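Here the structure is a predicted model, which is why all the values come from computation and not from measurement. Any value given below was found using the heavy atoms of this structure, including those in side chains, with hydrogens, waters and symmetry copies removed. Numbered from 1 within each chain, the chains take letters A, B, ... in sequence-line order.
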Amino acid sequence: MLDARFVRENINMLKKALEKRNYDIDLSGFLSLEEERLALLKETEELRNKRNTVSEEIGKMKRQGLNADALVAEMKGVSDRIKEIDEKLKGIEEKTGQFLLNIPNIPHESVPVGKDETENVEVRKWGEPRTFDFTPLNHWDIAETLDIIDFERGAKIAGARFAVMKGAGARLERALMNLMLDMNTSKGYKEIFPPILVNRESMTGTGQLPKFEAELFRVADPEFYLIPTAEVPVTNIHRDEILREEQLPIYYTAYTPCFRREAGSYGKDVRGLIRQHQFNKVELVKFTRPEDSYNELEKLTADAEAILQKLQLPYRVIVLCTGDMGFSSAKTYDIEVWLPGQNRYREISSCSNFEDFQARRANIRFKREGKKGTEFVHTLNGSGLAIGRTLVAVLENYQQKDGTVVVPEALRPYMGIDVIK
RNA sequence: GGAGGGGUGGCUGAGCGGUUUAAAGCGGCGGUCUUGAAAACCGUUGUAGGGCAACCUACCGGGGGUUCGAAUCCCUCCCCCUCCGCCA
């Protein structure tokens, strides 16, 4: 969310930013609403001031046994007027609040301008895609032969976009989770295991609500939302808190299952593990001082990359252009891993700096040493990494001609075997 | 699921319709004293919005109501604690 005063004072800059992001939002109504709101605010505050002083006076008179009926009658009128104005204010604030909640973040100046994903820019590449002396298979074919992922039974038990992991498949899922958490915690990230059902306030705090309700699973009674990413519960750990400067930066890492409706993705990635309603992910979350956040974004991205390097999986890093960025983000790097079965790079991690966008919504502030007042922290997060997609990458990159899969060196202590057969 | 108790400033904890602009203590910060520290003593101590200076307004779990006036009374929702029941 952007600050109302900021929007008021930077309306032209905001217009340009929205154009770059392909957002068509009419800003003209906002300014007049704000004008009305501030005028009403001034009026009600003046009336309250009058009521406060006169009410005190009435109290004094009554204690002295004097008659205060005239003042009481007058204040009755003042109170009615206050009520009337507050009613109007509430209506206006409802409108401006909704308006602000639906404005996306402003892209950082270093983000390339572009209309959609075709204009994202590659930043770097790591590793050489392996050359095969046979035609590499898709992971679902590999998995079927090895009997380690069961899509049919996943569909029977739950539905489309669900899978059952079996034997070495289940073990591989767990091995990846442990490797990632071990690597992240060794770099100073504190391990968190949060609730995966959360309330409405938390979803609003990180920006999923109110705009993206259709992409979430919801439990009806009592009402909860299933998290689409650990970003939600972990960022909300510090909702409505004032942190001390010396606590920053805070690094958290969390494994959680993630749940996504994938509404509107019909026909996309219908086969395999790439796009599931339920998937596992290890997440990295940071809270930083504003002046540190872009440096921390580079470090966070590098920490996610380190896992792919450890697994010897080729990847590239791209910076998302203004037209392809997420709603809450000011800058996003996607890490894409090489998938021989699809002969292309696929997203395996998304690392973003939200600046103070989430912090303002979730009211996460900090106090500088020896300075008056508070400031919003900057929040960042990134996958480190999506486990299901990493498993796909391992299967496809380490497959052999005979249908078996070599276990990457780094995973052997966790798997207890060298080859999945 | 049943019964009861409770949510007040960084923490503990009073207040239960108008000298409370939220008492007191602890903690924090500044000062006096001291070679230094501790103790003692004095002062200070939240957040947000509006004017951006004095100042004003709001905030005692959230929302609504009664009243000239609400932390205090009423309604409603949420959360926490204790006991019973059930149960990983």
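If you measure from atom NZ of A:Lys367 to atom P of B:U45, you get 13 Å, rounded to the nearest angstrom. In this structure, CG of A:Asn52 is placed 8 Å from P of B:A70, rounded to the nearest angstrom. Taking atom CG on A:Asn49 and atom P on B:U21, their separation rounds to 14 Å, with Å as the unit. Regarding A:Leu243, its CG atom lies at a distance of 16 Å from the C1' atom of B:G46, rounded to whole Å. The interatomic distance linking A:Glu46 (CD) with B:C55 (C1') rounds to 12 Å, in whole Å.
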Could I get a table of every N or O pair under 3.5 Å where one atom is in the protein and the other is in nucleotides 60-65 of chain B?
{"from": "B:G64", "atom 1": "OP1", "to": "A:Lys90", "atom 2": "NZ", "distance (Å)": "3.3"}

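Across the C1' atoms, B:A22 and B:C41 are found 26 Å apart, a figure rounded to whole Å. Spacing between B:G65 and B:A70 at atom P, rounded to whole Å, works out to 12 Å. To the nearest whole angstrom, the two C1' atoms, one in B:U47 and one in B:C86, are 44 Å apart. Atom name P, nucleotides B:A88 and B:U8: the rounded distance is 36 Å, in whole Å.
Residue-environment remark: CZ (A:Arg153) stays at or below the threshold of 12 foreign heavy atoms within 6.0 Å.
The minimum heavy-atom distance linking A:Asp147 with A:Lys166 is given by the pair OD1-NZ, 3.1 Å.
Between the side chain of A:Asn184 and the backbone N or O of A:Tyr189 there is no donor-acceptor pair closer than 3.5 Å.
A parallel orientation is assigned to the rings of A:Phe99 and A:Phe30, their planes being inclined by less than 30° (bins at 30° and 60°).
Between A:Lys76 and the phosphate of B:C68, there is a side-chain N or O to OP1/OP2 separation shorter than 4.0 Å.
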Give RNA chain B the dot-bracket treatment, 5' to 3': Watson-Crick (N1-N3 with N6-O4 or O6-N4) or G-U (N1-O2, O6-N3) under 3.5 Å, [ ] crossing, | other strand. ((((((((.[[[..)..(.....]]]((((((.......))))))(((((....))))).[[[[[..)....]]]]])))))))....
Checking ring pair (Phe, Tyr, Trp, His ring centres under 6.0 Å) for the pair A:His238/A:Phe287: CA distance, chi angles, key distance, verdict? CA-CA 9 Å; A:His238 295 297; A:Phe287 302 81; 4.9 Å; yes
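A side-chain donor from one of A:Lys281 and A:Thr229 sits under 3.5 Å from a side-chain acceptor of the other.
Relative to the ring axis of A:Tyr252, A:Lys190 does not place its NZ or CZ within 45° and under 6.0 Å from the centre.
Salt-bridge formation is detected for the pair A:Arg368/A:Glu375: a Lys NZ or Arg NE/NH1/NH2 atom is positioned less than 4.0 Å from an Asp or Glu carboxylate oxygen.
Applying the ring-ring contact (aromatic ring centres under 6.0 Å, His included) rule to A:Phe279 yields no partners; only residues at least two apart in sequence or on another chain are considered.
Side-chain atoms of A:Val72 lie closest to B:C68 of the nucleotides B:G49, B:G18, B:C68.
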